[in-house]
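Below is one structure, written out as structure tokens; the observations come after it.
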Amino acid sequence: MSDSARGNKLMTLKEAIGTHVKSGSSITFGGFIGRDCLAAVHEIIRQGIRDLAVIDDSKTDVMDLLVGAGCVRRWEGAYLGYGAIGLANNIRRAVEKGMPFPLEVEDWSNAAVSMRFLAGGLNVPFMAVRSMLGSDIMKYNSRVKVMEDPYGGPPVALVPAARPDVAVIHAQRADVMGNGQVWGFTGNDENKARAAGRVILTCEELVPTEQIRRRGNMTLIPFYCVDAVVHVPYGCYPQSCYGYYAYDVLFCGDYHEKTKTREGFLEWLDHYVHGCKDHMEYCARVGWDRLMSLARLERQFNRI
Amino acid sequence: MSDSARGNKLMTLKEAIGTHVKSGSSITFGGFIGRDCLAAVHEIIRQGIRDLAVIDDSKTDVMDLLVGAGCVRRWEGAYLGYGAIGLANNIRRAVEKGMPFPLEVEDWSNAAVSMRFLAGGLNVPFMAVRSMLGSDIMKYNSRVKVMEDPYGGPPVALVPAARPDVAVIHAQRADVMGNGQVWGFTGNDENKARAAGRVILTCEELVPTEQIRRRGNMTLIPFYCVDAVVHVPYGCYPQSCYGYYAYDVLFCGDYHEKTKTREGFLEWLDHYVHGCKDHMEYCARVGWDRLMSLARLERQFNRI
Amino acid sequence: MKGSSLPIKGKNYTASELMAITSCKEFKDWEVAFVGIGIPLIAGILAKRFHAPNLSIVYESGCIGPEKLRVDFNVGDSSAADGALCLTSEWHVFGDLQRGFYDIGVLGGAQLDKYGNLNTTAIFGEGDYRRPAVRLPGSGGGNDIGSSVGRVVIMMGLEKNRFVEKVDFITTPGHLDGSPGARERAGLLGGGPVAVVTSKGVFRFHPETREMYLDTIYPGVEVEEIKESVGWDLMVADDLKLAPDPAGEELAALRAADPCNLIMGGAGSRKKLSGLEEFVHLTLKYAGR
Amino acid sequence: MKGSSLPIKGKNYTASELMAITSCKEFKDWEVAFVGIGIPLIAGILAKRFHAPNLSIVYESGCIGPEKLRVDFNVGDSSAADGALCLTSEWHVFGDLQRGFYDIGVLGGAQLDKYGNLNTTAIFGEGDYRRPAVRLPGSGGGNDIGSSVGRVVIMMGLEKNRFVEKVDFITTPGHLDGSPGARERAGLLGGGPVAVVTSKGVFRFHPETREMYLDTIYPGVEVEEIKESVGWDLMVADDLKLAPDPAGEELAALRAADPCNLIMGGAGSRKKLSGLEEFVHLTLKYAGR
């Protein structure tokens with residue numbers, strides 16, 4: 001990276017996805033349902049990127065969209081479902097009927113995925129974990145290995161390091177150098193940023209480096225992990241972003257309803273993704289008043 | 001632990017050390033030179049605790065005092081020296097001359113110790129690390145094992161989890177429930193608190209739980225790791241405590257000078273430790289004006 | 001898990017409401033609990049309101065001990081962080097689970113066998129793991145909680161073909177084959193399941209055989225109808241208990257905790273809402289903001 | 001490492017000062033550097049003042065990219081955190097080192113061999129590892145930096161018996177036995193040592209043999225006197241360079257960075273201070289506070 005590039009990594013979302021995410025890439029996304037960067041997902045779909053291998057923990061919204069849009073070949077992860085709302089319709093269609101494409105699935109537990117990213121971030125080949133033992137996850141996933149403890153304890157499971165080509169992580173605040181500050185839960189983001197070959201850091205607010213220095217303890221992702229910085233306000237909508245806006249459970253409920261049929265999903269996709277040239281158009285289509293209400297709601301509970 | 005004990009873990013330093021640190025215990029200390037809780041070390045010496053096995057990274061001030069006072073049987077760690085000031089005199093006397101007692105030494109690197117505490121905190125038996133390979137550390141430390149990577153990569157070193165009986169960790173703020181909030185660098189404290197069987201949490205300020213809740217991201221150590229909470233202002237002096245007071249390099253320089261002879265050290269010990277019934281007397285002996293100057297200096301750079 | 005909005009005949013509450021209130025009794029004060037979204041969370045909130053005010057709820061996203069001012073619709077909802085004692089990482093929460101710091105976990109599932117082994121991965125039907133009849137969400141944190149937490153409470157609607165002799169896929173280990181020490185031999189640290197709270201009654205596990213038996217039955221439910229919905233010859237406790245009617249204040253607190261009835265009522269209630277503004281209004285009102 | 005306060009004959013600077021200014025040239029702008037306390041840190045501060053303003057200094061305590069407003073007396077000094085870009089954990093910093101994020105490390109030592117293997121653990125003398133003549137601090141982060149950082153610069157006073165054929169204990173691997181690929185075979189990720197900056201000259205490593213040779217000599221120093229202080233038959237570069245005198249502004253910046261002269265001057269300077277108040281005053285003055 002040139003010196004000027006090291007000093008200023010600011011790009012548009014279109015540039016960042018176009019530069020760093022290729023068809024066939026392995027990829028992971030920051031956040032844990034909340035703080036998922038849906039805006040980046042929409043851009044990946046708009047750019048027609050294909051054959052992605054997604055390595056992640058619980059990533060329903062991201063995966064249901066990407067799989068329904070035909071961008072994903074393989075999933076290595078732990079959870080794809082809508083909790084209280086129900087199952088993920090596009091995931092079901094892909095796995096059960098191969099529609100629009102078959103989805104290759106490798107099942108892990110969330111702790112296992114967490115340890116895979118910890119190992120990747122530390123650049124060690126594996127981590128030991130005490131999950132999955134005795135379950136059928138190991139029966140169908142040969143990369144989980146049971147190992148005798150060389151220090152004399154009971155057997156443990158080994159999981160291999162995760163090293164995706166790209167990570168897309170949304171932070172509340174970042175500077176152009178690429179220091180990302182995160183409030184609220186942090187998921188596996190600190191390790192995903194370190195494990196990935198390239199990192200796209202999206203943020204709600206772009207701040208001067210002096211502001212970063214004033215709260216160094218909040219820097220979850222140091223500049224040297226980051227390749228591109230993108231300013232994407234409301235980048236997680238309809239998911240929540242701690243301190244900025246609440247989850248839109250109604251919008252998600254309607255999405256779930258609509259996606260019960262393939263046709264319904266394609267209509268949704270045309271309306272909210274292909275029908276919007278960028279994230280700002282998506283926000284306008286959702287309605288700024290709606291976004292403001294969610295911001296008002298969140299700030300009654302969490303302020304940064 | 002009884003319900004009332006779970007709700008309020010406040011103790012005096014004397015009670016906390018007396019209850020949780022026994023002769024023969026294995027022990028680790030929080031902080032990384034800065035934020036070392038020297039007050040707890042003085043109390044351990046006052047209570048005449050013996051045969052400690054100290055497992056730690058870089059812990060010169062703590063170890064030089066404990067070893068000189070004859071409290072330590074074994075050291076598993078990485079660094080015992082005064083950086084720009086020089087070597088640790090009591091450590092040298094113990095290792096080179098067995099004075100006052102011989103010190104059993106097991107050498108590790110700081111990364112290795114860090115990984116040992118990470119493993120202990122996660123309750124896994126070992127961690128892989130890419131340090132110590134090719135060095136004589138492995139030649140003299142049989143607990144470092146070279147392992148072939150079952151996933152096909154180059155060989156790595158394995159280090160065993162550290163699980164000390166006790167950890168003493170100093171935080172800037174804590175509540176009586178045992179939530180510890182730390183600003184500045186955090187060393188290995190989050191993992192030491194999880195790896196240890198019991199945790200004594202000392203703090204500069206005791207705050208209501210509502211204040212903890214307002215900045216949950218600063219809680220490095222959750223209540224369920226902690227057995228005792230002790231309020232010890234200036235507990236790290238002469239070392240620094242980020243946001244509270246600066247390092248007293250002159251006091252440490254004089255200590256280093258004085259401890260060049262065994263007699264000099266014993267005089268120092270009588271004056272500053274045995275001669276003080278508790279930490280407040282030690283502060284008075286050091287001089288409150290001196291402590292205030294260091295607080296004024298630190299706050300010119302770091303405020304919380 | 002989702003709720004159902006049909007009231008039990010002759011009662012002023014639904015089976016889902018009785019499930020939530022029944023399971024809330026499983027939490028003890030001062031415990032640290034790993035609960036899933038939906039009815040389990042409502043049960044945790046109720047426990048905090050009544051007998052376990054110091055219960056700390058933990059979320060795998062990295063939230064420890066939030067004040068439950070809002071009901072969460074997913075584990076990564078920002079509401080999970082409201083006034084939390086500690087906001088940290090997912091990997092730390094799972095590490096702490098593995099370290100033995102968490103007392104109780106509440107899990108849902110699609111298939112369960114008599115030893116409490118849970119399937120949340122796939123219903124094979126005519127197909128198999130690669131091409132199942134129904135692909136379910138997968139483990140998420142379920143396997144980890146079932147492996148390492150102190151004790152597990154399972155919540156499931158009691159429906160035909162869900163309580164089976166053998167699950168298609170063991171996602172979360174219960175007592176495995178039920179043999180003595182089966183969990184220890186596998187290397188599992190947690191105690192495994194202690195109760196199964198369903199829409200018709202509560203099951204527990206026999207101390208010697210580790211087999212599920214009917215412990216408590218709900219008002220208006222017949223033992224026979226339960227036996228019919230269970231895929232093996234079900235044991236019934238000699239002193240079979242009848243679940244008490246929930247107290248009025250319990251029902252009131254439960255309904256207040258889910259002010260839009262989105263957890264217990266599901267999609268139907270969502271459509272009843274006039275829109276986002278009403279959701280915002282009711283959420284703030286319940287939280288007293 | 002400690003400094004010495006004796007000026008080089010006929011010069012207005014000491015050997016320690018020339019070491020600091022010489023080694024500061026090894027840092028490049030925008031690099032991330034892992035430097036030890038003492039002269040290496042002063043060199044890093046100087047680099048930031050002059051040709052490498054965007055150099056980020058990292059401390060193993062968990063501080064990344066602080067503004068260097070104060071000189072640190074140990075790696076855990078709160079000054080290491082002043083205005084840092086990121087304040088994190090020790091284990092994360094070592095993980096990032098292992099991950100390959102750090103470009104250069106500067107290390108001191110007590111014993112060095114011709115392949116750049118460093119000893120900071122013990123001088124055996126008549127004794128051995130268990131009962132050495134001199135017990136040194138140990139690895140600290142030295143072994144980790146030497147194992148994984150992009151390239152290593154070593155700083156040592158050139159004294160008899162410190163530059164030896166074979167070190168008593170390899171604490172930090174250099175080029176090991178010098179054979180091709182020796183580091184890779186051992187599983188080491190970093191590039192190993194590229195320069196040794198001493199009190200009398202600068203050594204570098206031959207690309208084929210990986211053996212140390214004299215590359216630059218300081219004013220007023222004879223090659224013979226260097227050869228005498230080295231425990232093997234030292235190679236000397238055909239184009240042996242003479243270290244330039246430091247610029248006045250470099251010396252001024254260096255002395256300002258250590259306003260109490262505690263790093264370069266050591267114990268002697270400490271005694272010259274009237275007391276803590278003078279230390280506080282000078283520290284604030286240098287920082288412009």
Side-chain angles (χ1 to χ4, degrees), chain B residues 31-35 57-58 77-81 83-88 91-92 95-96 107-111 114-115 117-118 129-137 140 154-156 184-188 190-191 239-242 246-250 253 257 290 293 296-298 300-302, chain D residues 2 37-38 59-63 69-70 73-82 87-91 94 97-98 121 129 131-141 143-144 147-148 169-173 176 183 186-189 262-263 267 270 273 275-277 279-280 283-284 287 289:
Chain B
F32 191 92
I33 311 179
R35 229 168 18 73
D57 35 40
S58 296
Y79 187 87
L80 298 172
I85 295 175
L87 299 174
I91 302 299
R92 284 197 60 187
V95 177
E96 298 165 18
D107 276 293
W108 301 84
S109 74
N110 268 339
S114 300
M115 293 305 130
F117 280 110
L118 180 55
V129 61
R130 300 189 192 276
S131 289
M132 303 180 292
L133 297 158
S135 78
D136 287 341
I137 296 176
Y140 293 98
V156 287
F185 57 77
T186 61
N188 285 314
E190 65 198 284
N191 298 324
Q239 286 298 342
S240 60
C241 185
Y242 176 92
Y247 173 53
D248 192 338
V249 65
L250 303 184
E257 207 65 25
R290 192 176 185 98
S293 298
R296 183 167 58 87
L297 177 59
E298 176 64 11
Q300 291 287 323
F301 297 95
N302 302 304
Chain D
K2 288 184 289 185
I37 293 305
Y59 296 73
E60 54 200 298
S61 47
C63 305
L69 306 169
R70 292 184 278 179
F73 298 102
N74 64 58
V75 281
D77 200 337
S78 58
S79 57
D82 295 350
L87 292 168
T88 182
S89 62
E90 176 182 358
W91 70 268
F94 282 116
L97 169 65
Q98 196 164 254
T121 301
Y129 171 70
R131 226 4 139 78
V134 184
R135 172 65 202 197
L136 303 167
S139 162
N143 170 277
D144 310 304
S147 297
S148 301
F169 186 105
I170 298 181
T171 310
T172 299
L176 298 171
R183 288 180 58 91
L188 300 173
L189 304 173
L262 293 176
I263 300 290
R270 197 173 64 249
L273 280 175
L276 185 68
E277 284 312 318
F279 170 78
V280 170
T283 303
L284 290 173
R289 301 267 161 127

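So you know, we letter chains A, B, ... as the sequences are listed, proteins then strands, and number each from 1.
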>> Out of B:Asn191, B:Leu297, B:Val95, return the one with the most heavy atom pairs under 4.5 angstrom to chain D.
In response: B:Val95
>> Just so I understand: if I count every heavy-atom pair under 4.5 Å between each of B:Ser131, B:Pro154, B:Gly34 and chain D, which residue has the most?
In response: B:Ser131
> Which answer fits D:Phe73, side chain, backbone, both or neither, if we ask what part of it has an atom under 4.5 Å from a heavy atom of chain B?
Replying inline: both
> What option among D:Val134, D:Leu284, D:Val280 has the most heavy-atom pairs under 4.5 Å with chain B?
Replying inline: D:Val134
> B:Leu118 versus chain D, heavy atoms under 4.5 Å apart: side chain, backbone, both or neither?
Replying inline: side chain
> Side chain, backbone, both or neither: which part of B:Ala88 has an atom under 4.5 Å from a heavy atom of chain D?
Replying inline: neither
>> So, taking the atom named CG in D:Leu276 and the one named OG in B:Ser293, what distance separates them when rounded to the nearest 0.5 Å?
In response: 5.5 Å
> Of the backbone (N, CA, C, O) and the side chain (C-beta and beyond), which part of B:Glu96 lies under 4.5 Å from a heavy atom of chain D, both, or neither?
Replying inline: both
> Using a cut-off of under 4.5 Å for heavy-atom pairs, which of D:Leu69, D:Asp77, D:Thr172 has the most such pairs with chain B?
Replying inline: D:Asp77
>> Strictly distance-based, threshold 3.5 Å: is any side-chain N or O of D:Asp144 a donor or acceptor partner for the main-chain N or O of B:Asn110?
In response: yes
>> Quick check: do B:Phe32 and B:Ser58 have side-chain heavy atoms less than 4.5 Å from each other?
In response: yes
> Are D:Leu189 and D:Arg183 close enough that some pair of their side-chain heavy atoms sits under 4.5 Å apart?
Replying inline: no
>> Has B:Thr186 got a side-chain atom pairing as donor or acceptor with D:Thr88's backbone, closer than 3.5 angstrom?
In response: yes
> With respect to chain D, which residue among B:Ile91, B:Leu250, B:Asp248 yields the maximal number of heavy-atom pairs within a distance under 4.5 Å?
Replying inline: B:Leu250
> Does D:Thr121 use its side chain to pair, donor to acceptor, with the backbone of D:Thr171 at less than 3.5 Å?
Replying inline: no
> Which region of D:Phe169, side chain (C-beta onward) or backbone (N, CA, C, O), has a non-hydrogen atom less than 4.5 Å from a non-hydrogen atom of chain B, or is it both or neither?
Replying inline: both
>> I need the residue from B:Gly81, B:Cys241, B:Pro155, B:Gly187 with the largest number of non-hydrogen atom pairs under 4.5 Å to chain D.
In response: B:Gly187
>> Is there a side-chain contact between D:Trp91 and D:Glu60 in this structure, where contact means two heavy atoms from C-beta onward sitting under 4.5 Å apart?
In response: no
> Rounded to the nearest 0.5 Å, how far does OG of B:Ser135 lie from OH of B:Tyr140?
Replying inline: 11.0 Å
> Looking at D:Ser78, D:Ser147, D:Gly140, which has the largest count of heavy-atom pairs under 4.5 Å with chain B?
Replying inline: D:Gly140
> Are B:Phe185 and B:Tyr242 close enough that their ring centers fall under 6.0 Å?
Replying inline: no
> Does B:Gly253 offer a backbone N or O that forms a donor-acceptor pair with the side chain of D:Arg270 under 3.5 Å?
Replying inline: yes
>> Is B:Asn302 close to chain D through its backbone or its side chain, or both, or neither, when contacts mean heavy atoms under 4.5 Å?
In response: side chain
> In terms of heavy-atom pairs under 4.5 Å, which option from D:Leu87, D:Leu273, D:Ile170, D:Thr283 contacts chain B the most?
Replying inline: D:Ile170
> Side chain, backbone, both or neither: which part of B:Arg296 has a heavy atom under 4.5 Å from chain D?
Replying inline: side chain
> In terms of heavy-atom proximity below 4.5 Å to chain B, should D:Ser139 be classed as side chain, backbone, both, or neither?
Replying inline: both
>> Rounded to the nearest 0.5 Å, what separates atom CG in B:Asp107 from atom OH in B:Tyr79?
In response: 13.0 Å
> Side chain, backbone, both or neither: which part of B:Val129 has an atom under 4.5 Å from a heavy atom of chain D?
Replying inline: both
> By a 4.5 Å heavy-atom criterion (distance strictly below it), what part of D:Ala80 contacts chain B: side chain, backbone, both, or neither?
Replying inline: neither
>> With heavy-atom distances below 4.5 Å as the criterion, would you say the side chains of D:Ser61 and B:Arg35 are in contact?
In response: no
> Of the backbone (N, CA, C, O) and the side chain (C-beta and beyond), which part of D:Leu262 lies under 4.5 Å from a heavy atom of chain B, both, or neither?
Replying inline: side chain
